[in-house]
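The shown structure was predicted, so the numbers you read here are calculated from the model rather than taken from an experiment.
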Amino acid sequence: MTGLAAPPSRPRRPSRLRRPARLRRSPRPVPTPGSPPVAPADRFRLTDLLGEATADIGSRPGRLVMTILGTVLGVTALVATIGLAQTAAAQIARQFDADAVTQLVVTPRTASTGGGTTVAATALPWDAVPRLERLAGIESAALLAEVPLPDAVVTTVPVNDPSQPPSAPPPVYAASGELLDTLGGQLSTGRFFDAGHDRRADRVAVLGARVADRLGVVRVDTQPSVFIDGVDYAVVGVLASVDARAELLGAVVLPTGTARADFGLPAPGDAQARIAVGAGPQLRTQAALALAPDDPDSLEVAAPDGRSELGRDVQADVNEVFVVLSVIVLLAGGVGIANVTTLSVVERVGEIGLRRAVGATGRQIAGQFVAESVVVGLLGGLIGAALGVFAVLGVSVVRDWTPVVDPRIALGGALLGAVVGLVAGFLPARRAARIEPVDALRGGT
């Protein structure tokens, strides 16, 4: 029996080495036409970074409060001090403006004589007040002149006592009725004479506070009189303060009409005017033309610039002092953030090692800690800026000031908190990024 022959065996192909399952690459998804590209699943995006940073911050509320406290105090001090400096400087500048920037003085130019003395080259007109008040920017004007009475005796009794030692008489000034309003004066008692007294040349007088104390005049309801060379003048008021001409507190002030009639006053000494802030440069030329149109160069006009230089200097100095103090406090807040962030790195070494072991890069670890510091700083900056603004408003209400708060300062304070957090978290984040995974999992640093 013949058997069937076995078919010849085929030579075996060498078997290909199969890639282990752990080395196999998963097929990449092929996007269909028109569909958005699919992002890799292992990419650590910005939203993930912010989520990780904010999640860890909220897990330790006690530490969060202690961490942002330094930044809150620093930004509060910065915003409050800058706001208070601007508010106080505005009050100082307003006071300087009220006392210096709103006063204009017109005086005749002087010429030297052969004997070495000086005389006025011209004279102011007696109607200088209405002329000046017609100019735009002039709010009030008045005439003022010192009455030349070198040997005058000023007393409150008509009889001189020879046994009393002689004393220097107070100076006597002549003024128009608008003087009190023009120079910013205040009366302690009585009233100031008006245009009717001036026109009728009534024998009335207003005493400065020092002269009233010297003569013993404390009230005017008893109709006291002051005697100038034996002629009595009824005292109608006592000056308490004069902002622009403090020397009037030690003088006797008469109406200009009275001084012309009794003492032959030839001309006003100068013209005072209260002007609007910033009107000085234009009125410097216009005032001379209004009072002496035929020869304006014969008059000297002392008019201020738009703002007081002294007021600007004081405002700058106050701002510098407060800013330096604010920066010092803010640096203390930055040091607090840096210390707490460094402590957080030390406590979370194991977490850092685990993240590195599952694929997180050093840059991602550093970004997480920097983001935490920035969020903490920004939160402290926002709270501090709000508290600083409320502090300025509170102090302004108590002091009856006008608050001056620049919105850019409040916004800059909040952003400055974030910058402080960024700078404070840089070194701790760099340290966390350099931790090796194996050392971290073993508990080393």
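- Residues passing the salt bridge (charged side-chain N to carboxylate O under 4.0 Å, His left out) test with D194, sequence neighbours excluded: R191.
- Applying side-chain contact (heavy atoms from CB on, under 4.5 Å) to T189 and the options V236, V238, V217 leaves one that passes, V238.
- By the side-chain contact (heavy atoms from CB on, under 4.5 Å) test, L265 is found to be paired with W126, A145, P148, A174, A259, R260, residues two or more places apart in sequence or in another chain being considered.
- Of all non-hydrogen atoms in D243 and G184, the two that sit nearest each other are OD2-O, 3.1 Å.
- When all heavy atoms of I138 and A273 are compared, the closest pair comes out as CD1-CB, 3.9 Å.
- Considering only residues two or more places apart in sequence or on other chains, D221 meets the salt bridge (charged side-chain N to carboxylate O under 4.0 Å, His left out) condition with R219.
- Inter-residue side-chain proximity for L239 and L187 is flagged as met; some heavy-atom pair is nearer than 4.5 Å.
- The list of side-chain hydrogen bond (donor to acceptor under 3.5 Å, both in side chains) pairs with a residue in residues 403-429, not counting sequence neighbours, reads D406-R408.
- Nearest approach of A287 to V106, heavy atoms of both residues: CB-CG2, 4.2 Å.
- Atom CD of residue Q286 and atom CG of residue L135 lie 6.0 Å apart, to the nearest 0.5 angstrom.
- Partners of R399 according to the salt bridge (charged side-chain N to carboxylate O under 4.0 Å, His left out) rule, which considers only residues two or more places apart in sequence or in another chain, do not exist here.
- A pairwise comparison of heavy atoms in P296 and P293 identifies CD-O, 3.9 Å as the closest pair.
- Of the listed residues (V206, D202, T258), just one forms a side-chain contact (heavy atoms from CB on, under 4.5 Å) with F193, and that residue is V206.
- Residue W401 comes nearest to P403 through the heavy atom pair O-CD, 3.4 Å, listed as atom of the first residue, atom of the second, then distance.
- Listed by first and then second residue, the side-chain hydrogen bond (donor to acceptor under 3.5 Å, both in side chains) pairs that reach into residues 378-393 come to none, sequence neighbours excluded.
- L289 contributes atom CG, which lies 10.5 Å from atom CG of D295 (distance to the nearest 0.5 angstrom).
- Taken from CG in L207 to CG in D213, the straight-line distance is 10.0 Å, to the nearest 0.5 Å.
- A salt bridge (charged side-chain N to carboxylate O under 4.0 Å, His left out) check over residues 376-386, counting only residues at least two apart or in different chains, returns nothing.
- Listed by chain and number, the residues in a salt bridge (charged side-chain N to carboxylate O under 4.0 Å, His left out) with R199 amount to none (sequence neighbours excluded).
- Residues V72 and L387 form a side-chain contact, since some pair of their non-hydrogen atoms from C-beta on lies under 4.5 Å apart.
- A distance of 6.5 Å separates CG in L144 from OH in Y173, rounded to the nearest 0.5 Å.
- One distance of note links OG of S298 with CG of L291; it measures 9.5 Å at 0.5 Å rounding.
- Remark: R210 engages no residue in a side chain to side chain donor-acceptor pair (under 3.5 Å) (not counting sequence neighbours).
- For E133, there are no side chain to side chain donor-acceptor pair (under 3.5 Å) partners two or more places apart in sequence or in a different chain.
- Here the side chains of V154 and V252 are in contact, with some heavy-atom distance below 4.5 Å.
- When side chains are defined from C-beta on, P407 does not count as touching L411, because their heavy atoms never get closer than 4.5 Å.
- Under the side chain to side chain donor-acceptor pair (under 3.5 Å) criterion, E178 pairs with S176, not counting sequence neighbours.
- When every heavy atom of P108 is checked against every heavy atom of L299, the shortest pair comes out as CA-CD2, 4.0 Å.
- Residue pairs meeting the salt bridge (charged side-chain N to carboxylate O under 4.0 Å, His left out) criterion with at least one member in residues 263-283, sequence neighbours excluded, are E139-R274, D181-R274, R245-D270.
- Counting heavy atoms from C-beta outward, Q103 and L183 have side chains that approach closer than 4.5 Å.
- Test D262, T155, L254 against I228 for side-chain contact (heavy atoms from CB on, under 4.5 Å) and you get one pass: L254.
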